[in-house]
Amino acid sequence: MTANNVYCVTKRCFDNISDKDRERDYIGFATLPEQMHRKSVKRGFDFTLMVVGESGLGKSTLINSLFLGDLYKNRKMSDVSGNKYRIEKTTTIEKKTMDIEERGVKLRLTVVDTPGFGDSINCEDSWRVCTAYIDEQFRQYFTDESGLNRRNIQDNRVHCCLYFVPPYGHSLRQMDLELMKRLHRKVNIVVVIAKADTLTSSEVRKLKQRILKDIEDNQIQIYQFPECDSDEDEEFKQQDRELKACVPFAVVGSNTMLEVAGKRVRGRQYPWGVVDVENPRHSDFVKLRTMLISTHMQDLKDVTQDVHYENFRAQCISQISQHALRERGKLKRDSMGNNGETNITETDRLLLQKDEEIRRMQDMLQQMQEKLKASDKKHDSIIDV
Ligand SMILES: Nc1nc2c(ncn2[C@@H]2O[C@H](COP(=O)(O)OP(=O)(O)OP(=O)(O)O)[C@@H](O)[C@H]2O)c(=O)[nH]1
Ligand SMILES: [Mg+2]
């Protein structure tokens with residue numbers, strides 16, 4: 001920040017202080033939120049979303065419907081690397097990043113599409129791909145945080161995982177429970193019922209109840225929406241209640257734009273009519289998008305930082321200290337005499353090692369000098385002849 005910028009920020013903050021405040025014993029820290037706000041806006045925001053679930057449940061289609069279509073047609077948006085509108089079966093982890101700007105606020109949004117499991121007899125490999133990806137991002141962040149340039153760390157940690165449940169089962173299957181158990185201590189899980197257009201309203205209701213019961217019975221920690229502040233306005237509180245009542249979100253995805261009553265909508269055309277993805281009576285798509293993009297993005301990031309990353313960090317630190325302890329123990333054992341008494345300290349041992357190295361180098365030097373002398377003598381004698 002240049003001196004001029006600092007002046008502008010301070011001046012703007014100062015201008016916001018009312019005359020009444022100035023008359024009172026004004027200290028000035030009331031401008032802190034504004035300063036923080038400016039700093040965050042300047043830095044920009046990162047958010048990463050991952051989709052996980054069985055093959056063919058519409059993960060790629062939903063990601064496309066949520067973010068990659070013409071959703072941001074009125075906003076500045078850079079090219080989406082690798083964006084393809086024709087969705088094919090996902091076979092490897094696909095990471096797509098886009099920079100979105102809205103009213104001067106920059107968001108670097110990354111969506112991680114994963115190959116669906118269920119094709120192979122052993123799903124273990126597909127699961128491991130997802131957990132390994134999450135761990136790898138944590139590891140990278142941990143390394144960056146411990147490095148020299150800590151100020152410009154790019155946060156690629158997975159902040160939210162949309163877990164897709166099929167609409168055709170009675171509830172969660174054993175493999176869903178297994179995978180959720182592998183994920184729930186690493187990432188915020190948000191459960192979605194895929195292809196909700198294949199269910200009637202009462203089937204959706206019942207399936208939601210059974211899924212929630214299974215989650216509770218199996219002690220799976222899905223993302224918990226924070227309590228709404230009591231001083232929030234009634235409209236916000238109502239929106240919050242509706243959002244919580246929707247969990248798990250029953251979603252519909254589509255990559256097709258259709259004309260319905262003169263309006264272009266993202267939808268699915270059936271012989272009996274059109275499912276409008278964004279119609280709240282047809283699916284929870286808009287609620288899910290609102291929650292991810294506008295109302296709970298920061299909370300998802302906070303939980304990732306404070307709970308999941310802290311878990312990972314604590315494990316890392318404990319592993320590092322255990323390793324260091326083992327190494328020290330080894331050094332100590334090496335420095336013990338046969339009678340079990342410590343003859344030399346660790347530092348002494350290192351010094352002895354260095355001395356030995358220097359001695360070896362001196363020997364080599366002496367040998368080289370002698371060889372040089374010998375060859376000189378030989379040379380002299382040839383000249384003499
Ligand atoms: N009925 C219905 N079909 C959908 C929905 N979303 C996607 N589909 C269809 O389901 C099929 C599979 O969709 P994908 O998005 O490729 O599924 P995926 O989960 O990414 O599959 P993998 O890449 O194999 O893991 C496609 O034919 C989609 O058109 C939906 O909400 N309802
Ligand atoms: Mg896919």
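Order of listing sets the numbers, starting from 1, for every ligand and every atom in it. As the structure is a prediction and not an experimental result, all values here were calculated from the model.
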Practice problem: Evaluate the side chain to side chain contact (heavy atoms under 4.5 Å, CB included) criterion for residues Asp217 and Lys213: first the C-alpha distance (whole Å), next the side-chain angles of each, then the deciding distance (0.1 Å), finally the verdict. | Solution: CA-CA 6 Å; Asp217 291 351; Lys213 186 171 182 314; 2.8 Å; yes
Quiz item: Does the pair Arg108 and Phe47 meet the rule for a side chain to side chain contact (heavy atoms under 4.5 Å, CB included), with working shown?
Solution: CA-CA 6 Å; Arg108 192 171 161 273; Phe47 187 75; over 6 Å; no
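Backbone and side-chain nitrogen or oxygen atoms of Val252 are examined, and none is located within less than 3.5 angstrom of a nitrogen or oxygen of ligand 1. Inclusion of Asp113 in the set of residues having an N or O under 3.5 Å from an N or O of ligand 1 is not warranted. Looking at ligand 1, you'll find an N or O of Gly58 within less than 3.5 Å of one of its N or O atoms. Considering backbone and side-chain N/O atoms, Thr61 comes within less than 3.5 Å of an N/O atom of ligand 1. The shortest N or O to N or O distance between Leu57 and ligand 1 is under 3.5 Å.
For residues 160-178, the salt bridge (charged side-chain N to carboxylate O under 4.0 Å, His left out) pairs, not counting sequence neighbours, are Glu54-Arg173, Arg173-Asp176, Glu178-Arg182.
Ion pair Asp135/Arg128 not flagged as a salt bridge, since none of the NZ, NE, NH1 or NH2 atoms sits closer than 4.0 Å to an Asp/Glu carboxylate oxygen. The pair Arg210-Asp214 does not count as a salt bridge, with every side-chain nitrogen at least 4.0 angstrom from each carboxylate oxygen.
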Under 3.5 Å, sequence neighbours excluded: what are the donor-acceptor pairs made by side chains of residues 189-204?
residue : atom : partner : partner atom : Å
Lys195  : NZ   : Gly56   : O            : 2.8
Asp197  : OD2  : Tyr270  : OH           : 2.4
Thr198  : OG1  : Lys195  : O            : 2.7
Thr200  : OG1  : Glu203  : N            : 3.2
Thr200  : OG1  : Glu203  : OE1          : 3.3
Glu203  : OE1  : Thr200  : N            : 2.8

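The Mg ion (ligand 2) does not have Thr61 among its coordinating residues (no N/O/S atom, backbone or side chain, under 2.8 Å).
At a 4.0 Å heavy-atom cut-off, ligand 1 touches Asp197 through the side chain alone.
Compare Ser283, Gly253, Ala194, Pro115 by their heavy atoms: the one nearest to atom 6 (N) of ligand 1 is in Gly253. When the heavy-atom distances from atom 21 (O) of ligand 1 to Gly116, Gly53, Ser254, Gly56 are ranked, the shortest goes to Gly56.
Heavy-atom distances between Tyr270 and ligand 1 reach below 4.0 Å in at least one pair.
With Tyr309 as the aromatic partner, Arg157 meets the cation-pi criteria of under 6.0 angstrom to the ring centre and within 45 degrees of the ring axis.
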